[in-house]
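Have a look at the structure below, then the notes.
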Amino acid sequence: MRTSYDRLFVQFLKLFNEQRDYYACHDVMEELWLEEGRKPFYQGLLQVAVGLHHWHHHNVAGAIKLWEAALHKLALYPDLCMGIELGVVRAETALLLALVSSEEGAQAEPRDITIPITDVELMKLVSLDEQ
C-alpha cells in the first residue's frame, strides 16, 4: 500500500464520492493527470467523472463516449490500485454504459458511482480534506 497520496487525488475522491461534483472532478483530475505525465489511470478516472457529468446533464452520447474510453484505459490496471477498488469502478461504469446504451436505458434516471477506498490512510485523508 502507498504511504502518501497526492492532494489532488484526495480532492478528486472527495468531490467524486461526497460532493458528487463531477465537473469540479474534471478540473482537479486534469491538473493531476498533467502533473503526473498523463497516466492513463488518471485520465480514465477523469473520463468516468466527466461521463457522469454528461449523463446528469442529459448528454447520453457524451457519457457513452467517455465511459468507453475510460474502460479502455482503466483495463490496464489491477482491481486494487492507488488505494481504491478500481475493479468495482470498472464494473459499475460498464453497467452504466450498458444501461445508457440500451433503448430504454437512455431515458433512465442518472445515478452516481462511489469509488470504494480500501486504504485506511486514504480514507482518513479524504475525510479530512476541506475542499
Side-chain angles (χ1 to χ4, degrees):
M1 296 234 169
R2 293 178 56 93
T3 56
S4 66
Y5 294 94
D6 190 286
R7 67 174 176 76
L8 293 171
F9 185 62
V10 172
Q11 196 175 20
F12 170 83
L13 291 170
K14 179 85 163 184
L15 289 166
F16 193 102
N17 283 351
E18 295 179 16
Q19 298 177 18
R20 305 295 186 194
D21 189 341
Y22 303 119
Y23 187 81
C25 283
H26 168 270
D27 293 338
V28 170
M29 188 54 85
E30 186 173 54
E31 185 179 342
L32 180 58
W33 176 64
L34 292 171
E35 282 180 10
E36 292 292 325
R38 300 176 185 248
K39 291 180 182 168
F41 174 78
Y42 295 123
Q43 188 179 24
L45 289 176
L46 183 152
Q47 290 171 325
V48 170
V50 177
L52 285 164
H53 174 77
H54 281 307
W55 190 29
H56 282 262
H57 290 87
H58 312 291
N59 178 359
V60 173
I64 290 170
K65 181 179 176 184
L66 283 159
W67 289 337
E68 286 173 343
L71 288 170
H72 177 73
K73 288 175 183 72
L74 296 177
L76 303 170
Y77 298 91
D79 287 348
L80 297 176
C81 185
M82 290 284 295
I84 65 170
E85 287 191 36
L86 189 60
V88 171
V89 174
R90 284 193 302 256
E92 290 193 22
T93 302
L95 286 172
L96 291 182
L97 178 59
L99 172 66
V100 301
S101 298
S102 69
E103 197 171 309
E104 62 278 354
Q107 302 302 317
E109 191 67 31
R111 302 175 192 166
D112 296 308
I113 293 175
T114 297
I115 298 173
I117 300 172
T118 58
D119 182 17
V120 174
E121 179 191 345
L122 183 55
M123 283 180 212
K124 288 178 186 173
L125 289 170
V126 170
S127 68
L128 293 174
D129 187 63
E130 294 298 321
Q131 178 58 22

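All of these numbers come straight from a predicted model, not from anything done at the bench. Position 1 is the first residue of the sequence, and the numbers go up from there.
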Can you confirm whether [X] sits close enough to [Y] that some side-chain heavy atom of one is under 4.5 Å from a side-chain heavy atom of the other?
| X | Y | answer |
| --- | --- | --- |
| Leu45 | Leu86 | yes |
| Val60 | Ser101 | no |
| Tyr42 | Met82 | yes |

Path from [X] to [Y] over hydrophobic side-chain contacts below 4.5 Å:
| X | Y | result |
| --- | --- | --- |
| Ile64 | Leu95 | no |
| Tyr23 | Trp55 | no |
| Leu80 | Val48 | no |
| Leu15 | Tyr5 | yes |
| Leu97 | Leu99 | yes |

Of all the heavy-atom pairs spanning [X] and [Y], show the shortest one and how long it is.
| X | Y | answer |
| --- | --- | --- |
| Gly44 | Ala70 | O-CB, 3.4 Å |
| Trp33 | Gln43 | NE1-CB, 3.4 Å |
| Asp112 | Tyr22 | OD1-OH, 2.7 Å |
| Lys14 | Ser127 | NZ-O, 3.8 Å |

Taking side-chain contact (heavy atoms from CB on, under 4.5 Å) as the criterion, tell me which of Leu125, Val126, Ile84 meets it with Phe9.
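Looking at Leu125, Val126, Ile84, the match for Phe9 under the side-chain contact (heavy atoms from CB on, under 4.5 Å) is Ile84.
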Among Leu8, Thr114, Val28, Ile115, find the residue that satisfies the side-chain contact (heavy atoms from CB on, under 4.5 Å) test when tested with Leu13.
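Answer to the side-chain contact (heavy atoms from CB on, under 4.5 Å) test with Leu13 among Leu8, Thr114, Val28, Ile115: Ile115.
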If you count heavy atoms of other groups shown closer than 6.0 angstrom to NZ of Lys73, is the number above 12?
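Enclosed: over 12 neighbouring heavy atoms sit under 6.0 Å from NZ of Lys73.
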Using modelled atom types only, decide if a donor and an acceptor are shared between the side chain of Tyr77 and the backbone of Phe41 within a distance under 3.5 Å.
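Yes.
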How many angstroms lie between [atom1] in [X] and [atom2] in [Y], if you round to the nearest 0.5 Å?
| X | Y | atom1 | atom2 | value |
| --- | --- | --- | --- | --- |
| Met123 | Thr118 | CE | OG1 | 6.5 Å |
| Leu52 | Leu66 | CG | CG | 10.0 Å |
| Glu36 | Arg38 | CD | CZ | 13.0 Å |
| Leu71 | Gln47 | CG | CD | 9.5 Å |
| Phe12 | Leu46 | CZ | CG | 7.0 Å |
| Trp67 | Leu74 | CH2 | CG | 13.5 Å |

Side chains of Asn59 and His53: do they bring a donor and an acceptor to under 3.5 Å?
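Note: Asn59 and His53 side chains miss the donor-acceptor criterion.
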Enumerate the residue pairs fulfilling side-chain hydrogen bond (donor to acceptor under 3.5 Å, both in side chains) with a member in residues 86-96, sequence neighbours excluded, ordered by first and then second residue.
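The answer is Asp79-Arg90.
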Partner residues of Glu30 under the salt bridge (Lys or Arg N to Asp or Glu O under 4.0 Å) criterion, sequence neighbours left out:
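In terms of salt bridge (Lys or Arg N to Asp or Glu O under 4.0 Å), with neighbours along the sequence ignored, Glu30 is linked to no residue.
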